[in-house]
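Any value given below was found using the heavy atoms of this structure, including those in side chains, with hydrogens, waters and symmetry copies removed. For clarity, every value in this text was computed on a predicted model and none was experimentally measured.
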Amino acid sequence: MIYIEDLDKLTVTLQQEIDSGNGFDENHIFYRLIASGLAAANSKPGQFTWNEDIIEFANSIEAAGGAKTINLLRGPGFVKQSEPVSSDRYWDLVNIPFPSKSTSQRRKGAAITDNGVISHNLKNFQKMCELSSERLIDNDTVSITPICLSRDAMAVKPSGDWDKHTNQIVGLDFPIDLDYIKAHPDPDPEYLQKHMNTEAGAIVATSLDNMVSLMVANDFLTKSTPGESVYTTVINSIQAVQICENCLLNINSDIVSVDITQTQCDCLCKDCILNISEHELAEPCERCTLFHSSPCPQLRACKRCETLGIKCKKLAVLALSMDCESNNAAAMRKLDLKSDSTSPYSLLTYSVPDVVHAGKKVFRASANWWLLVNGYRVNNSLLRSLRQFDIACSPDLKVVVSDTALRNRDRMDYSSIVQSTGKELQSAIKKHTQSTGSYVTHTFYPDLFWKSRFPSIMRSVTDICLGRSEAQSVLPYIFFGIKLC
C-alpha cells in the first residue's frame, strides 16, 4: 500500500492538476514533454523514440529564437561523450528534456535547391485562387484567373553544403554528387567558385485582386548571371505557372520542380499566332473559332482539356515585377519588346519596376544629394534641419516623423520612406509655410565633404551668387534659402 505522504509534492500536484479537468491531459504539449523526458531518462541509449510533436515543438523554438535559444533550454546534453551515458547522469547534462540536435535535424523537411516552379506550391495557389479570387474569363470551356509575378533575391554567402536528403553538395548551379566527385577527383577551384550561387531568389504569385499571394518558384543566381539567363528563367517560370490545374495534377507527385517540356498543357495554335503578328486586333483562326474566343495562348483552354471535354482552369500572368538591376533590366526590356522571338505564352505579360526598390533608390539618393524636382532642389536633410533646429516647425515634425527615418541608415527599411512622404508630414510643413514663411536654411554640401579630411574643398567663403528660385548660395560652406514646395 502506498500512502500519499510517501509521494513527492510535485507528483501530488501533477496528479491533482490532471484530475481537475482544466485541460492538462495527455494531449497537452507540456504533458507530452514531461512524459517523453522521463521516458528518455529511463531508456537505454538508442532504444527510445521521441514524440513527433515534441520534435516539431523543439524545431519551432529553434526557428523562432535561433540555435542559442534551444541550446540554452536543452543544456549541454551528451555532446563529446566518449562512452554511453548512464541513466543516473542524465539529469546532470540536461536542463529541459528536449530532443538532441541530430534527432531534430532528421525531422526537418528537405530544402528545395533546384531552380524552377515548385509544383506543390503552384497546386495550392491554384486552389486558393479558385476559392477566393476574381476571374478574367469564366465560361463553359475555360476559367482564367489574372495574376502578377514578383521576383526578388537576397545575397547569400557562396559556399557548398552537404544535403543529406539528396546526398549531394548544393550551393552551385549544378549538383555535386558521388559520380561527379569520381569523374573530377581534383576539380578546378576557380571553376567551382564561378558556379557558386551568390543570390537566392524567389518568385511570388499574387492575384490581381490581391486576395491570394504565395511563393511559387525558386531562382538561384551566380555572380556572372547575364540578362539573357534571367530572361530565360522568367519566361520558363511564366509558362510553368500558367499550366492548367488538370495537367498539373498529372505530374508525378515526386517531382518538385515543374518541367514544361514534360507537360501536356499545350494551348498554342500556329495559325492564331500568325494572326496576332499580322493584325493588331486579331481573331482566332477558322478552326479555333468554334472553341476559343481569343487567339492568345494565355486566354485559351489547353488541347488536353478540350479533347477530354472538361473545363480548363488556369492562371494568366499579366504583369511581372522586378528590381532594376542591370541583368533584370535587360530581361524586362526584352520581355516588353514583344518581338518575333517572344514566347507566345507571355504575349500579355508586361514588366513593371518594383515600387519598393524604386522608392528606396530615390529616397537614398535624396538623402545625400540634391535632386531637381519641379524646378526646385530637394534633399531629405532639409527635413532634419526643420525637425531639429526650426523653433516653429520642430514640435509638429517630431510627432509625425522620427530622426531615425530621416537619417535613413537602414537601407532595407521601407518604413522610413513612408514616414518621410506621409500626408501628416506634408500637412505639418504646409502649416509651417503659411504661418512663418516658406524658406529653410541648410548647407549645400553634405557635412562629409567640407570637413578637414578633404583638403581639396575650400573652407572659406569665396563668392556669393543669386541663383534661380531665389536661392542664395555661399561657397563653399554655402548656406542658402530653399523655397518649400
Working to the nearest 0.5 angstrom, can you tell me the gap between [X] [atom1] and [Y] [atom2]?
X    : Y    : atom1 : atom2 : answer
N51  : I29  : CG    : CD1   : 7.0 Å
L249 : I243 : CG    : CD1   : 11.5 Å
H28  : I34  : NE2   : CD1   : 10.0 Å
I96  : L33  : CD1   : CG    : 7.0 Å
C312 : K303 : SG    : NZ    : 13.0 Å
C302 : K313 : SG    : NZ    : 13.0 Å

**OP:** Scan side-chain atoms only and decide if N328 and D323 contain a donor-acceptor pair under the 3.5 Å cut-off.
**Re:** yes
Subject >> S351 and D336 side chains, donor-acceptor separation under 3.5 Å >> reply: yes
Spell out, as yes or no, whether a donor-acceptor pair under 3.5 Å connects the side chain of [X] to the backbone of [Y].
X    : Y    : value
N124 : H120 : yes
N121 : M215 : yes
E199 : V156 : no
D209 : E134 : yes
N95  : R74  : no
S402 : A405 : yes
E62  : T69  : no

Just wondering, are more than 12 heavy atoms of other shown residues or ligands nearer than 6.0 Å to [atom1] in [X]?
X    : atom1 : result
F30  : CZ    : no
N210 : CG    : no
D140 : CG    : no
E130 : CD    : yes

**OP:** Start with the C-alpha gap between Y345 and V241, add the side-chain angles, then the distance that decides, and say whether side chain to side chain contact (heavy atoms under 4.5 Å, CB included) holds.
**Re:** CA-CA 10 Å; Y345 291 93; V241 167; over 6 Å; no
Check: [Y] and [X] side chains under 4.5 Å, non-hydrogen atoms:
X    : Y    : value
I18  : E26  : no
I203 : D152 : no
I61  : L73  : yes
I54  : P99  : yes
K314 : C267 : yes
N197 : P158 : no
D161 : I169 : no
D177 : P175 : no

Looking only at heavy atoms, which two atoms of [X] and [Y] are closest? And how far apart?
X    : Y    : value
P97  : G37  : CB-CA, 3.4 Å
L192 : L172 : O-CD2, 3.7 Å
A331 : M322 : CB-CE, 4.4 Å
T198 : T222 : OG1-C, 3.4 Å
C269 : R300 : CB-NH2, 3.6 Å
A67  : I70  : O-CG2, 3.2 Å

Original post:
side chain to side chain contact (heavy atoms under 4.5 Å, CB included) between F98 and F57: does it pass, once the steps are laid out?
Top reply: CA-CA 9 Å; F98 277 115; F57 181 56; 3.8 Å; yes
Subject >> Intermediate values then yes/no, side chain to side chain contact (heavy atoms under 4.5 Å, CB included), F125 and I147 >> reply: CA-CA 11 Å; F125 182 76; I147 66 169; 3.9 Å; yes
**OP:** Could you pull out all residues at least two apart from N246 that satisfy side-chain hydrogen bond (donor to acceptor under 3.5 Å, both in side chains)?
**Re:** none
**OP:** Before giving the answer on side chain to side chain contact (heavy atoms under 4.5 Å, CB included), spell out for M128 and L214 the whole-Å C-alpha distance, their side-chain angles and the decisive distance to 0.1 Å.
**Re:** CA-CA 10 Å; M128 289 187 291; L214 187 67; 3.8 Å; yes
Original post:
Only one of S133, S213, S150, S321 forms a side chain to side chain donor-acceptor pair (under 3.5 Å) with T206, so which one is it?
Top reply: S213
**OP:** Could you please spell out the steps behind the salt bridge (Lys or Arg N to Asp or Glu O under 4.0 Å) verdict for E245 and K127?
**Re:** CA-CA 9 Å; E245 179 180 328; K127 286 294 184 182; 3.1 Å; yes
**OP:** For Q126 and T145, run side-chain hydrogen bond (donor to acceptor under 3.5 Å, both in side chains): C-alpha distance rounded to whole Å, both residues' side-chain angles, the deciding distance at 0.1 Å, then the answer.
**Re:** CA-CA 9 Å; Q126 288 180 342; T145 303; over 6 Å; no
Original post:
Hey, what's the ring geometry for F24 with Y31, parallel, tilted or perpendicular (30° and 60° as the breaks)?
Top reply: perpendicular
Original post:
Parallel, tilted or perpendicular: which describes the rings of H195 and F174, with under 30° parallel and over 60° perpendicular?
Top reply: perpendicular
**OP:** Just do the salt bridge (Lys or Arg N to Asp or Glu O under 4.0 Å) check on D138 and K311 with the steps written out, would you?
**Re:** CA-CA 10 Å; D138 192 3; K311 189 173 183 178; 2.7 Å; yes
